[in-house]
Amino acid sequence: MFIAGLPVLWVFLSNSASSIEFHTFSHYFTAQSTKAGYESKLESVFRTASMKDKTVIITTLNDAWAKPGSVFDLFLESFRLGNETQWLLNHLVVITWDQKTNAYCLALHKHCYQVETKGANFTGEVLFMTPTYLHMMWRRTEFLTSVLEMGYNFVFTDTDIMWLRDPFKQFYEDADFQIACDAFNGNSSDIYNYPNGGFKYIKSNNRTIWFNKFWFNSSKEYPGLGEQAVFNKIKMHPLISHMKLKIRFLSTSYFGGFCEPSKDFNKVSTMHANCCVGIDNKVNDLKILLEDWKKYMALSEIDKKQSNLTWSVPQSCSKSFEHAKERKNKGRLRRALVETV
């Protein structure tokens, strides 16, 4: 009986092995096809949106900023209200963090791409410096590095930045890496400027790819810090000089914000709702900012040159920022008292 049963057993094991082998191969093939499709779709989006020199404009968007009348709507409106900026929308790629946001984006804009979040949940309002915020910022840096590796130059812009003029006219031709500032000291080459990571222009080359990887990996050396703070830590590192990476800091005269507003309406390219806490505060003040800009654009060319218009903002943002600083200072005081005791 044992001998007679051997052929049956052999057939069973052969069929089982074939089934396991097919399943494994099928799973591998599906995974590879999915990855290839993911990459080709991303490449297709960038290829369609890029300028002739392979430059794209990139912003990121999550559910909290993608609602009717919210920050994203104002962001797109600024391109339409700006001085010769509407054409730049053809080169804007919006990176979304979830399916719902991607659907909303596609209803308003043609170049939207949902990126993998590696199991993280970036929906809802992400509060500044929380673990989720830090994770999202570093995931963003990682993604932007991959864009450089694909051979694309990019201008990264936060969605709460209003585009009022073509910024490319103000960029330095010889720089690899250009970044906006919360506070600008007047010298674009001075490494002691205080940068803002929400707006940067990076050219794709070996130096910038190396630097972005170095920047991303430095997050492990400074746990609990965001990309902007880590940039401040590493910007004087001797390796940067060794790699001959040329960094320039952008003047707030052209690239202003609520921290340090651009004072001349005839020069301003972008205005950022920085130094501001809370989506509602940002929306309120950005609406006021765009109304100020409409008044300026309604003037004749002669009146524009002679005007002494000033921004009506920050308003809500100013109050929110002062409250945030007060809470932060109280927190430091409490920690100091505890350490003293």
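Numbering starts at 1 and runs along the sequence shown. In what follows, every heavy atom counts, from backbone to side chain, and hydrogens, waters and symmetry copies are set aside.
Taking the centre and axis of the six-membered ring of Phe72, the NZ or CZ atom of Lys67 falls outside the cone set by 45° and 6.0 Å.
Side chain of His109 to backbone of Leu92: a donor-acceptor contact under 3.5 angstrom is found. Judged by distance alone, with hydrogens and angles left aside, the side-chain atoms of Ser204 form no donor-acceptor pair with the main-chain N or O of Asn153 at under 3.5 Å. Using a distance-only test at 3.5 Å, with no hydrogens or angles considered, a donor-acceptor pair links the side chain of Thr145 to the main chain of Thr141. Side chain of Glu260 to main chain of Gly257: no donor-acceptor pair is present (N/O by atom type, distance under 3.5 Å, no hydrogens or angles). Between the Ser318 side chain and the Gln315 main chain, no donor and acceptor come within less than 3.5 Å of each other. Not a single donor-acceptor pair under 3.5 Å links the side chain of Lys267 to the backbone N or O of Ser253.
For Lys235 and Asn232, the side-chain atoms include at least one donor-acceptor pair closer than 3.5 Å. Side-chain contact annotation: Asp166 with Thr85, donor-acceptor N/O pair under 3.5 Å absent. No hydrogens or angles considered: a donor-acceptor pair under 3.5 Å links the side chains of Ser312 and Asp292. For the residue pair Trp163 / Thr157, a side-chain donor-acceptor distance below 3.5 Å is found, with atom types taken as modelled. Side-chain atoms of Asn187 and Asn193 include no donor-acceptor pair closer than 3.5 Å. Side chains of Tyr194 and Asn185: a donor-acceptor N/O pair is absent below 3.5 angstrom, by distance only. Using a 3.5 Å distance cut-off with no hydrogens or angles, the side chains of Asp98 and Asn62 do not pair a donor with an acceptor.
The structure places NZ of Lys213 at 11.5 Å from CZ of Phe216, a figure rounded to the nearest 0.5 Å. Here the straight-line distance linking atom CG of Asn205 with atom CZ of Phe211 works out to 12.0 Å at 0.5 Å rounding. Expressed to the nearest 0.5 Å, how far CG of Leu89 lies from OG of Ser78 amounts to 8.0 Å. With values rounded to the nearest 0.5 angstrom, Asp264 atom CG is found 12.0 Å from Thr310 atom OG1. Residue Asn266 holds its CG atom at 9.0 Å from CG of Leu309, rounded to the nearest 0.5 Å.
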Decide ring-ring contact (aromatic ring centres under 6.0 Å, His included) for His237 and Phe214; before the verdict, give the C-alpha distance in whole Å, the side-chain angles of both, and the deciding distance to 0.1 Å.
CA-CA 11 Å; His237 198 286; Phe214 176 62; 5.1 Å; yes

Given the rule in the ring-ring contact (aromatic ring centres under 6.0 Å, His included) test, do Phe177 and Phe231 qualify, once you have shown the distances and angles that lead to the verdict?
CA-CA 12 Å; Phe177 183 105; Phe231 179 88; 5.5 Å; yes

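Side-chain contact between Ser262 and Phe255 is absent, with no heavy atoms from C-beta onward closer than 4.5 Å. No side-chain heavy atom of Ser218 sits less than 4.5 Å from a side-chain heavy atom of Lys233.
Between Arg248 and Asp174 there is a salt bridge, since at least one side-chain N of the basic residue sits less than 4.0 Å from a carboxylate O of the acidic one. Taking the charged nitrogens against the carboxylate oxygens, Glu77 and Arg80 have no contact shorter than 4.0 Å, which rules out a salt bridge. The pair Asp176-Lys246 does not count as a salt bridge, with every side-chain nitrogen at least 4.0 angstrom from each carboxylate oxygen.
Taking the six-membered ring for Trp and thresholds of 30 and 60 degrees, Phe79 and Phe75 have ring planes more than 60 degrees apart, a perpendicular arrangement. Taking the six-membered ring where the residue is Trp, Trp293 and Tyr296 present tilted rings, their angle falling between 30° and 60°.
Of all the heavy atoms in Ile161 and Gly198, the pair that sits closest is CD1-O, 3.4 Å.
Results of the side-chain hydrogen bond (donor to acceptor under 3.5 Å, both in side chains) test with Thr96 over Thr60, Thr101, Asn102 single out Asn102 as the only residue that passes. When Thr159, Asp160, Leu74 are each tested for a side-chain contact (heavy atoms from CB on, under 4.5 Å) with Lys282, only one passes: Asp160.
In this structure, cysteines Cys317 and Cys275 have SG atoms that are not closer than 2.5 angstrom.
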